[in-house]
Chemist: 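My questions will all concern the structure given below.
Atoms within each ligand, like the ligands themselves, are counted from 1 in listed order. Residues: numbered from 1 along the sequence shown.
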Amino acid sequence: MATKQLGFYVDTTRCIKCWACVITCKQWHDIKAGTVSRRNVEEENGGSFPNVTRKFTSLSCMHCENPGCVAVCPTGAVSKREEDGLVVVDQGVCIGCKTCASGCPFGVPQYLDMKMNKCDACLTLREAEGDLPRCVITCPCQALHFGELEEMGRLAAEKGGKLMEGSTKPSVYIA
Ligand code: SF4
Ligand code: SF4
Ligand code: SF4
């Protein structure tokens, strides 16, 4: 288990599905339109007219406590960092075999130029401790938060939010 775990808190009550988080992610990571998307906004509709509901949830890799992608990767290209719990891909080691797709219950791993491609919480862009991923900075509605998972839990609790469930134990709170 990592000594520290960073994670996201996604406040669906604030999300307006503007896609700014998705676009800024593509721009900062030099990902061409029409290829992979490291972040996506899911939409859930409920109820019946006139009492309908809509909920938008912006999700990327969950940097799971027990990452299935790490467990199945035959080369060690994907690993969980001891110092902050982030799950990262070493593209120099990745052979593009796509085995990691079978280990992730959330369909996160995508493939670009024969290499696995997923969110690293902007690890390579953040220069100082406390810097935030670009999606969090860009969101105009403060729907995305990032930091120590315990702190995310405290923030989420103010809105009755909960830790996401899943066999791999995602590091994401959702309200
Ligand atoms: S595609 Fe890359 S990261 Fe995924 S299982 Fe194969 S070697 Fe590992
Ligand atoms: S969400 Fe999927 S790709 Fe991300 S750490 Fe968990 S198992 Fe791996
Ligand atoms: S930028 Fe914020 S409001 Fe817009 S889709 Fe992403 S999470 Fe939702």
Chemist: With heavy-atom distances below 4.0 Å as the criterion, list the atoms of ligand 1 near C100.
Modeler: 1 (S), 3 (S), 4 (Fe), 5 (S)

Chemist: State the atoms of ligand 2, each with its element, that fall below the 4.0 Å cut-off from a heavy-atom position in V87.
Modeler: 5 (S)

Chemist: Can you establish whether the number of heavy atoms outside E43 located under 6.0 Å from its atom CD is more than 12?
Modeler: yes

Chemist: With heavy atoms of Y111 as the reference, note each atom of ligand 1 found under 4.0 Å away.
Modeler: 1 (S)

Chemist: Looking at CZ of R134 and NE2 of H29, how far apart are the two atoms once the value is rounded to the nearest 0.5 Å?
Modeler: 8.0 Å

Chemist: Mark up the atoms of ligand 3 that fall under 4.0 Å of a heavy atom belonging to C15, in ascending order.
Modeler: 3 (S), 5 (S), 7 (S), 8 (Fe)

Chemist: Hey, could you give me the CD/NZ distance between Q5 and K80, rounded to the nearest 0.5 Å?
Modeler: 3.5 Å

Chemist: Considering only heavy atoms, does T138 approach ligand 3 within less than 4.0 Å through its side chain, its backbone, both, or neither?
Modeler: neither

Chemist: Select one of side chain, backbone, both or neither to describe which atoms of F56 lie under 4.0 Å from any atom of ligand 3, heavy atoms only.
Modeler: neither

Chemist: Can you tell me which residue among K159, H145, Q142 is in a side-chain hydrogen bond (donor to acceptor under 3.5 Å, both in side chains) with D11?
Modeler: K159

Chemist: For atom 6 (Fe) of ligand 2, find the nearest protein heavy atom and state the residue, atom name and distance (0.1 Å precision).
Modeler: C64 SG, 2.3 Å

Chemist: Within a distance under 4.0 Å of any heavy atom of L144, pick out the atoms of ligand 3 and give their elements.
Modeler: 7 (S)

Chemist: Decide whether V136 and V88 are clustered together by the hydrophobic rule: side chain heavy atoms of Ile, Leu, Val, Met, Phe, Trp, Tyr closer than 4.5 Å, transitively.
Modeler: yes

Chemist: Tell me if a side-chain donor or acceptor on S171 pairs with a main-chain N or O of H63 at a distance below 3.5 Å.
Modeler: yes

Chemist: With heavy atoms of S58 as the reference, note each atom of ligand 3 found under 4.0 Å away.
Modeler: 7 (S)

Chemist: Suppose we measure from atom 3 (S) of ligand 3 to each protein heavy atom; which comes out shortest, and what is that distance?
Modeler: I16 N, 3.5 Å

Chemist: In terms of heavy-atom contacts, does CD of E83 have more than 12 from other residues, nucleotides or ligands at under 6.0 Å?
Modeler: yes

Chemist: Which pair of non-hydrogen atoms, one from S60 and one from C119, has the smallest distance, and what is that distance?
Modeler: OG-SG, 3.6 Å

Chemist: Taking the side chain as C-beta and beyond, is there a heavy-atom pair between C21 and V41 under 4.5 Å?
Modeler: yes

Chemist: G96 heavy atoms, cut-off 4.0 Å: which ligand 1 atoms fall inside?
Modeler: 1 (S), 2 (Fe)

Chemist: Hey, are the side chains of I23 and T138 touching, using non-hydrogen atoms and a 4.5 Å cut-off?
Modeler: no

Chemist: So which heavy atom in the protein is nearest atom 8 (Fe) of ligand 2, and how far is it from that ligand atom?
Modeler: C69 SG, 2.3 Å

Chemist: As an exercise, identify every atom of ligand 2 less than 4.0 angstrom from a heavy atom of M62.
Modeler: 1 (S), 4 (Fe)

Chemist: Which of the atoms in ligand 3, numbered in the order shown and given with their element, are less than 4.0 Å from a heavy-atom of P140?
Modeler: 1 (S)

Chemist: Among protein heavy atoms, which lies nearest atom 4 (Fe) of ligand 2, and at what distance?
Modeler: C61 SG, 2.3 Å

Chemist: When you look at CH2 of W19, are more than 12 heavy atoms from neighbouring residues, nucleotides or ligands closer to it than 6.0 Å?
Modeler: yes

Chemist: When rounded to the nearest 0.5 angstrom, what distance separates CZ in F106 from CE in M62?
Modeler: 5.0 Å

Chemist: Can you name the atoms of ligand 2, numbered from 1 with element, that are less than 4.0 Å from a heavy atom of F106?
Modeler: 1 (S)

Chemist: In the protein, which heavy atom is nearest to atom 2 (Fe) of ligand 1, and how far is it?
Modeler: C94 SG, 2.3 Å

Chemist: Name the closest protein heavy atom to atom 1 (S) of ligand 3, giving the residue it belongs to and the distance to 0.1 Å.
Modeler: C21 N, 3.3 Å

Chemist: Only heavy atoms of I95, strictly under 4.0 Å: list the atoms of ligand 1 that pass.
Modeler: 2 (Fe), 7 (S)

Chemist: Provide the number and element of each atom of ligand 1 under 4.0 Å from a heavy atom of C73.
Modeler: 3 (S), 5 (S), 7 (S), 8 (Fe)

Chemist: Is a side-chain N or O of Q91 found less than 3.5 angstrom from the main chain of M116, in a donor-acceptor match?
Modeler: yes

Chemist: Indicate, as side chain, backbone, both or neither, the part of T75 found under 4.0 angstrom from ligand 1 when only non-hydrogen atoms are considered.
Modeler: side chain

Chemist: Mind checking whether K98 contacts ligand 1 via backbone (N, CA, C, O), side chain (CB onward), both or neither, at a 4.0 Å heavy-atom cut-off?
Modeler: backbone

Chemist: Look at C104 and state whether any of its N, O or S atoms is less than 2.8 Å from atom 6 (Fe) of ligand 2.
Modeler: no

Chemist: For ligand 3, which atoms, with element, lie under 4.0 Å from some heavy atom of A20?
Modeler: 1 (S)

Chemist: Assess C139: does it contribute an N, O or S atom lying under 2.8 Å from atom 4 (Fe) of ligand 3?
Modeler: no

Chemist: Give me the residue, atom name and distance of the protein heavy atom closest to atom 7 (S) of ligand 2.
Modeler: G68 N, 3.6 Å

Chemist: K118 side chain to V108 main-chain N or O, any donor-acceptor pair under 3.5 Å?
Modeler: no

Chemist: By number and element, which atoms of ligand 1 are closer than 4.0 Å to a non-hydrogen atom of P74?
Modeler: 5 (S)

Chemist: Would you indicate whether D113, at its atom CG, is surrounded by more than 12 heavy atoms from other residues, nucleotides or ligands within a distance under 6.0 Å?
Modeler: no

Chemist: Using atom types as modelled and distance alone, determine if a side-chain donor or acceptor of R39 lies under 3.5 Å from a backbone N or O of T24.
Modeler: no

